[in-house]
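Report on the following structure.
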2 protein chains.
Amino acid sequence: MTESKKKYRIGVEAALDVISGKWKSIVFYHLATEKKRTNELKNLIPQITQKMLTKQLRELERDGIINRIIYKQIPPKVEYELTEYGRSLKTALNYFCEWGETHLDKVYGDKNSVLDNFLDNEKHC
Amino acid sequence: MTESKKKYRIGVEAALDVISGKWKSIVFYHLATEKKRTNELKNLIPQITQKMLTKQLRELERDGIINRIIYKQIPPKVEYELTEYGRSLKTALNYFCEWGETHLDKVYGDKNSVLDNFLDNEKHC
DNA sequence: TGCTATAGGATCATGTATGATCCTAAGTTT
DNA sequence: AAACTTAGGATCATACATGATCCTATAGCA
């Protein structure tokens, strides 16, 4: 996704370029419900470093998935939200999420033994 | 996907572990139509090295996505086919593929300028 | 005997993604 | 004036994914 005119063989490759990686799907997930400030995201994903978070957000922005909303104030305030285009990814990701949970059930007997319970009160998919 | 009891936050992460990587989706795609011998796959994906192909196939097999069929003969003959479970990924991947093609259209104006035409005669999704 | 065909193992090299740590700007509050 | 707050840049280190190249087993056939 970085080089100009990278070659793809099937659409899946292009989609994976946009959403794969260690953090992107999680960031997407959190933004899917509503827009969030940088620090909110950081708190929702404690293990991510500042640098990685920024990098993922930049790439998602470059790919048109999220908007970056800058408030002119000190201390700085920045919010991120899904774009309309980003929301169009939801359906596909939802199928992926369902399949993934089924897969975890299959591999571990019970998906809840490996799914962090940080989202207990929300739906995962 | 390699460690035992890796932690996930959402199902998407588990699904991505199974199908992301530089070659997996392509291998899956080729097996989605019908089973293939190792060398057939190698020829369909000329850029992949023998080592990488074998590695992807082993991982897909470990994750229950494909079957490895060994014919007891010399020279060796091995075929790979999607399992029933592997076929259950098709729907989700199809959505991903459609979205990916749309994305390429959006980014490059025309997806066909970046999609290798090695599949001209077949559907991409 | 020596060659071919097929699947894949072994070794070493490189590239890309991720991570840890420290630094900055500039208003506001004390 | 000093400390606080927030977003994120800069640097250096490491881990993991991918790649290039060479080697092997074995039966059949020329």
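Letters A, B, ... mirror the listed sequences (proteins, then strands); counts begin at 1. Heavy atoms only: backbone and side chains are in, while hydrogens, waters and symmetry mates are out.
- An OP1 or OP2 oxygen of dG8(D) is reached within less than 4.0 angstrom by a side-chain nitrogen or oxygen of Tyr80(A).
- Comparing dT6(C), dG9(C), dT26(D) by their closest approach to the side chain of Arg58(B) singles out dG9(C).
- Picking from dA7(C), dG19(D), dT18(D) the nucleotide with the shortest atom distance to the side chain of Trp23(B) gives dG19(D).
- If you measure from atom CD1 of Ile45(B) to atom P of dA7(C), you get 14 Å, rounded to the nearest angstrom.
- The side chain of Asn39(B) places no N or O atom within less than 4.0 Å of a non-bridging phosphate oxygen (OP1 or OP2) of dA5(C).
- With rounding to whole Å, Ile74(A) atom CD1 is found 5 Å from dA26(C) atom C1'.
- Atom CD of Glu61(A) and atom CZ of Arg68(A) lie 6.0 Å apart (nearest 0.5 Å).
- When rounded to the nearest whole Å, the span between CG of Leu57(A) and P of dT6(D) equals 17 Å.
- Contact annotation: Thr38(A) reaches the phosphate of dG8(D) (side-chain N/O to OP1 or OP2, under 4.0 Å).
- Proximity of a side-chain donor or acceptor of Lys35(A) to a complementary backbone N or O of Leu82(A) within less than 3.5 Å is not detected.
- Rounded to whole Å, atom P of dA17(D) lies 15 Å from atom CG of Leu16(A).
- Taking the six-membered ring for Trp and the full ring otherwise, the centers of Trp99(B) and Tyr85(A) sit less than 6.0 Å from each other.
- Of the two residues near DNA chain C, Pro76(A) and Lys55(A), the one whose nearest nucleotide lies more 5' is Lys55(A).
- No donor-acceptor pair closer than 3.5 Å links the side chain of Lys24(A) to the backbone N or O of Gln56(A).
- With respect to Glu84(B) and Arg87(B), a salt bridge is recorded, a charged nitrogen being found less than 4.0 Å from a carboxylate O.
- Spacing between atom CD of Gln50(A) and atom P of dA20(C) amounts to 13 Å, rounded to whole angstrom units.
- A residue-by-residue look at Lys77(A) and Lys22(B) shows that Lys77(A) has its nearest nucleotide of DNA chain D further toward the 5' end.
- Between the side chain of Lys42(B) and the base of dT6(C) there is no donor-acceptor pair of N/O atoms closer than 3.5 Å.
- Atom P of nucleotide dT6(D) and atom CG of Leu41(A) are separated by 14 Å, given to the nearest angstrom.
- Checking the phosphate oxygens (OP1, OP2) of dA7(D), a side-chain nitrogen or oxygen of Arg37(A) falls inside 4.0 Å.
- With rounding to whole Å, Ile48(B) atom CD1 is found 11 Å from dA20(D) atom P.
- Side-chain proximity of Lys51(A) to the nucleotides dG8(D), dA10(D), dG8(C) is greatest for dA10(D).
- Atoms CG (Asn43(B)) and P (dT6(C)) sit 9 Å apart, rounded to a whole Å.
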